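For clarity, every value in this text was computed on a predicted model and none was experimentally measured. For ligands, and for the atoms within them, numbers begin at 1 and follow the listed sequence.
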Amino acid sequence: MKRIGLKLAILAMVASTVATVPALAGESAAVRNCTWCHGAEAQGYTVAPRLAGQQPQYIMSQIQSFHEHTRDNPFSRQYMWSAVAALSPAAARDLANYLASIPPKPANDGDSALASKGKRIFMEGIPEANIVSCYACHGPNGEGVRDIPRLGGLAYFYVKARLEQWGQGYHSTAGSPMPLVASHLGPDEIEALASYLSYVK
Ligand code: HEC
Ligand code: HEC
């Protein structure tokens, strides 16, 4: 009984924290519709990834794929399909530009012992295992460009889940190279890459 009571108390606390994430000065109601899940300053919160500093064109391409239901992994279905259902293209563009302008903070939550292995794979790939270098598209610090996302500093569990889900057949943006890229990655490589990326500034 005690344990159940404690769990409920924690749930109530979490629920009230989410409802009272302090608004940024000048943060509009439209932005608060996103940050109550994506965290204060859009730095990410539990399963909702950081959006701060993300490439604006990438944010817009993902909003479109949530709209079209092509990004179909469980959390996208559960949370994002409805979150963008009523968003106009102009509102999506304004949100993307605003979120991209917030300085991103690294999650620093991976296994630091795996970071150097992850960095090596990120920079050089593993040619004999058909694993391409990520750097070629995502840039030396995983900063991304246009519709290629910033990866540096994203949370370990988020990056790990994305890389696993492509291998499980979940889809993303139409024409994305990632299902093929990820299909060559084993669990050890995914853990190393996600660990490394969580520390990149
Ligand atoms: C109810 C919670 C919730 C709300 C509200 C919400 N999101 Fe999300 N969002 C999520 C979750 C969870 C994910 C992760 C989906 C996954 O695991 O692939 C996500 C993913 C995203 C992504 C993909 C990020 C990436 O790196 O690929 C974008 C872009 C996004 N949300 C934008 C928004 C915008 C803009 C709003 C406000 C209009 C918003 N979200 C509101 C929970 C939410
Ligand atoms: C040929 C270019 C290319 C290469 C090489 C590439 N990527 Fe990507 N990556 C993309 C594009 C484009 C997207 C956005 C489209 C999408 O979401 O499917 C993306 C998306 C991602 C995402 C989703 C980020 C988010 O915010 O949800 C992750 C994680 C990722 N790539 C990791 C990697 C890793 C790790 C490697 C190296 C093993 C790699 N990528 C190699 C082009 C590339």
Side-chain angles (χ1 to χ4, degrees), residues 18 21 28-39 42 44-67 70-88 91-100 104 118-126 129-139 142 144-166 170-186 189-198:
V18 169
V21 167
S28 65
V31 172
R32 285 198 298 275
N33 277 337
C34 313
T35 51
W36 71 268
C37 279
H38 285 273
Y45 184 70
T46 68
V47 295
R50 187 189 70 194
L51 300 174
Q54 188 50 278
Q55 296 294 337
Q57 231 177 292
Y58 172 75
I59 295 179
M60 285 193 287
S61 80
Q62 298 308 297
I63 289 175
Q64 193 185 342
S65 30
F66 295 130
H67 243 292
T70 39
R71 180 162 168 177
D72 61 354
N73 58 322
F75 287 149
S76 295
R77 281 172 183 269
Q78 190 178 342
Y79 298 109
M80 284 309 300
W81 286 10
S82 58
V84 300
L87 214 55
S88 72
R93 195 196 50 233
D94 289 349
L95 280 171
N97 286 334
Y98 174 72
L99 293 164
K119 181 174 187 178
R120 201 162 56 242
I121 303 173
F122 186 88
M123 299 304 283
E124 296 162 21
I126 309 180
N130 270 327
I131 296 173
V132 293
S133 105
C134 320
Y135 153 85
C137 289
H138 288 276
V145 61
R146 294 189 299 276
D147 60 350
I148 302 178
R150 178 187 294 276
L151 304 179
L154 287 179
Y156 167 82
F157 283 105
Y158 175 73
V159 170
K160 180 170 178 282
R162 290 282 273 155
L163 292 172
E164 289 169 350
Q165 283 170 343
W166 281 305
Y170 292 108
H171 285 267
S172 190
T173 323
S176 165
M178 287 311 299
L180 180 64
V181 170
S183 69
H184 298 293
L185 299 172
E189 285 91 38
I190 288 179
E191 243 174 72
L193 282 162
S195 289
Y196 164 63
L197 286 167
S198 79

task: Determine, using heavy atoms of V84 and all atoms of ligand 1, whether some pair is separated by less than 4.0 Å.
output: no

- Message: Tell me whether atom 8 (Fe) of ligand 1 has Y79 as a neighbour, meaning an N, O or S atom of it below 2.8 Å.
- Response: no

When rounded to the nearest 0.5 Å, the distance separating CE of M178 from OG of S183 is 9.5 Å

Against ligand 1, does R71 come closer than 4.0 Å with any heavy atom? yes

The atoms of ligand 1 lying under 4.0 Å from a heavy atom of N73, numbered in the order shown, are 16 (C), 17 (O), 18 (O)

Check: of A48, S76, P56, min heavy-atom distance to atom 15 (C) of ligand 1 comes from S76

Sorted by chain and number, protein N/O/S atoms nearer to atom 8 (Fe) of ligand 2 than 2.8 Å are H138 NE2, M178 SD

- Task: Could you tell me whether a side-chain N or O of S82 sits under 3.5 Å from a main-chain N or O of Q78, the two making a donor and an acceptor?
- Result: no

L154 heavy atoms within 4.0 Å reach ligand 2 at atoms 26 (O)

min-distance N/O/S atom, H38 vs atom 8 (Fe) of ligand 1, resolves to NE2

A student checking ligand 1 against W36 at a 4.0 Å heavy-atom cut-off should list atoms 1 (C), 5 (C)

In ligand 1, the atoms that come under 4.0 Å of a heavy atom of C34 are 34 (C), 35 (C), 36 (C), 37 (C), 38 (C), 39 (C), 41 (C)

- Query: Quick check: does any side chain N or O of S195 sit under 3.5 Å from a backbone N or O of E191, one acting as donor and the other as acceptor?
  - Reply: yes

Please report the C-alpha distance between R162 and S172 in whole Å, then the side-chain angles of each, then the deciding distance to 0.1 Å, and finally whether the side-chain contact (heavy atoms from CB on, under 4.5 Å) criterion is met. CA-CA 10 Å; R162 290 282 273 155; S172 190; 3.8 Å; yes

Counting from 1 in the order shown, the ligand 2 atoms closer than 4.0 Å to a non-hydrogen atom of S172 are 16 (C), 17 (O), 18 (O)

Closest to atom 5 (C) of ligand 1 among protein heavy atoms sits N33 O, 3.3 Å

re atom 27 (O) of ligand 2, the protein heavy-atom contact at minimum distance is Y158 OH, 2.6 Å

The answer for which part of Q62 has a heavy atom under 4.0 Å from ligand 2 is side chain

In ligand 1, the atoms that come under 4.0 Å of a heavy atom of P49 are 13 (C), 14 (C), 19 (C), 20 (C), 24 (C)

Ranked by distance from atom 19 (C) of ligand 1, the top protein heavy atom is M80 CG, 3.3 Å

*Does the N or O separation between R50 and ligand 1 drop below 3.5 Å for any pair?*
no

F75 heavy atoms within 4.0 Å reach ligand 1 at atoms 15 (C), 16 (C), 17 (O)

- Query: Is there a donor-acceptor pair under 3.5 Å between the side chain of T173 and the backbone N or O of S176?
  - Reply: no

Backbone of G186 reached by a side-chain donor or acceptor of E189 within 3.5 Å: yes

(message) Between E164 and I190, does the side-chain contact (heavy atoms from CB on, under 4.5 Å) criterion hold? Intermediate values first, please.
(response) CA-CA 8 Å; E164 289 169 350; I190 288 179; 4.1 Å; yes

In this structure, atom 18 (O) of ligand 2 is nearest to the protein heavy atom S176 OG, 2.4 Å

| N/O of Y58 under 3.5 Å from N/O of ligand 1, yes or no? | yes

Between R150 and Q55, is there a donor-acceptor pair closer than 3.5 Å when you use the side chain of the first and the backbone of the second? no

of all protein heavy atoms, closest to atom 22 (C) of ligand 2 is W166 CH2, 3.4 Å

In ligand 2, the atoms that come under 4.0 Å of a heavy atom of R162 are 17 (O), 23 (C), 25 (C), 27 (O)

Practice problem: Taking H67 for its side chain and V84 for its backbone only, find out whether a donor-acceptor pair lies under 3.5 Å. | Solution: yes

Would C37 count as a contact for atom 8 (Fe) of ligand 1, in the sense that one of its N, O or S atoms lies under 2.8 Å from it?
no

The atoms of ligand 1 lying under 4.0 Å from a heavy atom of F66, numbered in the order shown, are 20 (C), 21 (C), 22 (C), 23 (C), 28 (C)

Practice item. Would you please test L154 and V159 for side-chain contact (heavy atoms from CB on, under 4.5 Å) and show each step? Key: CA-CA 7 Å; L154 287 179; V159 170; 3.7 Å; yes

Per-atom filter on ligand 2: closer than 4.0 angstrom to a heavy atom of V132 are 5 (C), 37 (C), 38 (C)

Here the atoms of ligand 2 under 4.0 Å from any heavy atom belonging to S133 are 5 (C)

